[in-house]
2 protein chains.
Amino acid sequence: MTHLKHPAMTQALREAGYRLTQPRLAVLQVLQENDAGLSPEEIYRQGKTLCPTLGLVTVYRTLDLLAELGLARRVHSEQHCHSYASAGADRHYVICQACRRVIEFPCHGLDDLIAEVRQRTGYTIVGHLLELSGLCPDCQARQEM
Amino acid sequence: MTHLKHPAMTQALREAGYRLTQPRLAVLQVLQENDAGLSPEEIYRQGKTLCPTLGLVTVYRTLDLLAELGLARRVHSEQHCHSYASAGADRHYVICQACRRVIEFPCHGLDDLIAEVRQRTGYTIVGHLLELSGLCPDCQARQEM
DNA sequence: TTCCTTATTGAAAAAATATTTCAATACGTT
DNA sequence: AACGTATTGAAATATTTTTTCAATAAGGAA
């Protein structure tokens, strides 16, 4: 763990009164280095290269903590339910109901909707996940046979 | 299981070459009677009142099958990862990162975006899940203290 | 209807995933 | 450098999901 690329995050941890430990730094760094949502298991595996003593239990605990502080957020990928991503990592994808193929798409046009929700509910919105589901071209063709 | 309220679904099962069994009918009916996403466990519990011999294993298998046929879809509720809902049940909610409180909101303005995605990807879109995450008013206030 | 074939089922066992407990450790303050 | 305490990892436990397999029941044929 030579270079910290997340000074803002580490500071937020400190300011909330938590200690800045090697395991926590490792988890933070792994999240930062990955765009996609990662399962606790994957984070554990990658994290061990940064902090060899890291335990899976600590990964679970740290993810809970980071999510509570808004530094990470839970992402519901199709394979792994308890996946996490660095905060602010929005995701938009279509998943085929039949073959599970996933395609990401650029997302615009959500801003108005988000503004409206903020107004109606009073929530501050910091991230989103938009999962569309349907049938991919291949499976459409297959169904018509 | 006196009244079948899902003739279209049962027919789709038959047409795909699957048998129309009591356990499958029970799962279908439970899904139809509930708007929210249900965990396999809950479906199992409710399904037993319709088909007393129903087993949890069969619930898992049936959900897989229905999802593959597009008759049900997986819904990623925060508490239960493997939740399922009747097909076409869209969901829109904001979840507070700190206290996990969930509020649903009516969703409009997604149609344009969906049309664009259909055009770009060729996918037929039949449902969606939009999860916004942020901080609820209470937790915002608490953080400012 | 009754018989037959075979997909489907439920129970048990196994595997995978998540949580709790607790003594040992390491963070940050003094 | 030494101390108090939050944090850790390992083991044990609990929960959730998948696999295996003999018994059952769905649906076509007679």
Side-chain angles (χ1 to χ4, degrees), chain A residues 1 4 9-28 30 37-69 71-72 74-84 100, chain B residues 1 4 9-28 30 37-69 71-72 74-84 100:
Chain A
M1 188 102 37
L4 294 186
M9 289 195 167
T10 54
Q11 196 178 339
L13 255 188
R14 299 298 313 281
E15 279 171 6
Y18 293 101
R19 292 186 181 171
L20 211 50
T21 66
Q22 292 302 314
R24 283 175 180 162
L25 286 172
V27 171
L28 267 175
V30 169
L38 296 176
S39 68
E41 196 69 44
E42 284 165 345
I43 294 170
Y44 172 56
R45 222 173 29 71
Q46 289 193 36
K48 269 184 120 148
T49 66
L50 300 172
C51 171
T53 67
L54 183 65
L56 181 56
V57 195
T58 298
V59 172
Y60 277 103
R61 281 189 289 229
T62 303
L63 289 172
D64 266 359
L65 176 62
L66 295 178
E68 196 168 318
L69 292 175
L71 298 176
R74 202 155 154 186
V75 150
H76 297 271
S77 79
E78 192 68 14
Q79 304 75 8
H80 297 285
C81 288
H82 284 194
S83 291
Y84 286 80
R100 301 269 158 105
Chain B
M1 190 97 40
L4 294 187
M9 288 195 169
T10 55
Q11 196 177 339
L13 255 188
R14 298 297 314 280
E15 279 170 6
Y18 294 100
R19 292 185 182 172
L20 212 49
T21 67
Q22 293 302 315
R24 282 173 181 163
L25 286 173
V27 171
L28 267 175
V30 169
L38 296 176
S39 68
E41 195 70 44
E42 284 166 344
I43 293 170
Y44 173 56
R45 223 173 27 70
Q46 290 193 36
K48 269 185 120 147
T49 67
L50 300 171
C51 172
T53 66
L54 183 64
L56 182 56
V57 195
T58 299
V59 172
Y60 277 101
R61 280 189 289 229
T62 304
L63 289 173
D64 267 0
L65 177 62
L66 295 179
E68 196 169 318
L69 292 175
L71 298 176
R74 203 155 153 186
V75 151
H76 297 271
S77 81
E78 193 66 16
Q79 303 76 10
H80 298 285
C81 288
H82 285 193
S83 292
Y84 286 80
R100 301 267 157 104

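Basis for what follows: all heavy atoms, side chains included, without hydrogens, waters or symmetry-related copies. These numbers were taken from a predicted model, which means no experiment stands behind them. The chains referred to below are lettered A, B, ... by the order of the sequence lines, with proteins before strands, and numbering in each begins at 1.
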Would you mind reporting whether B:L28 and B:T62 have side-chain heavy atoms less than 4.5 Å apart? no

Can you find a side chain N or O atom of A:R14 that sits less than 4.0 Å from OP1 or OP2 on C:dG28? yes

Flag for A:E42-A:Q46: side-chain donor and acceptor within less than 3.5 Å: no

Whole angstrom value for the distance that separates P of C:dA7 from CG of B:D64: 19 Å

Got a sec, which residues hit side-chain hydrogen bond (donor to acceptor under 3.5 Å, both in side chains) with A:Y44, two or more places apart in sequence or on another chain? A:K48

Using a 4.0 Å cut-off on protein heavy atoms (strictly under), produce a 5'-to-3' string for nucleotides 4-12 of chain D with B for base contact, S for backbone-only sugar-phosphate contact, and - for none. BBBSBBBB-

Rounded to 10°, the helix from C:dT1-D:dA30 to C:dT30-D:dA1 deviates from straight, judged by its five-pair end axes, by 40°

Residues that A:T21 engages under side-chain contact (heavy atoms from CB on, under 4.5 Å), provided they are two or more places apart: A:R19, A:P23, A:R24

For B:R14, side-chain contact (heavy atoms from CB on, under 4.5 Å) partners two or more places apart: B:L20

Atom OH of A:Y60 to atom P of C:dT20: distance rounded to whole Å? 13 Å

Between B:L63, B:V27, B:I43, which is the residue that forms a side-chain contact (heavy atoms from CB on, under 4.5 Å) with B:L38? B:I43

Interatomic distance where CZ belongs to B:R45 and P belongs to D:dT16 [whole Å]: 13 Å

In whole Å, what is the span from the CG atom of B:L38 to the C1' atom of D:dT16? 17 Å

Gap between atoms CG and C1', on B:L13 and C:dA7 respectively (whole Å): 13 Å

Test side-chain contact (heavy atoms from CB on, under 4.5 Å) on A:R61 and A:T58 and set out the steps. CA-CA 5 Å; A:R61 281 189 289 229; A:T58 298; 3.7 Å; yes

Kindly write out the residues that satisfy side-chain contact (heavy atoms from CB on, under 4.5 Å) with A:A12, not counting sequence neighbours, or none if the list is empty. A:L71

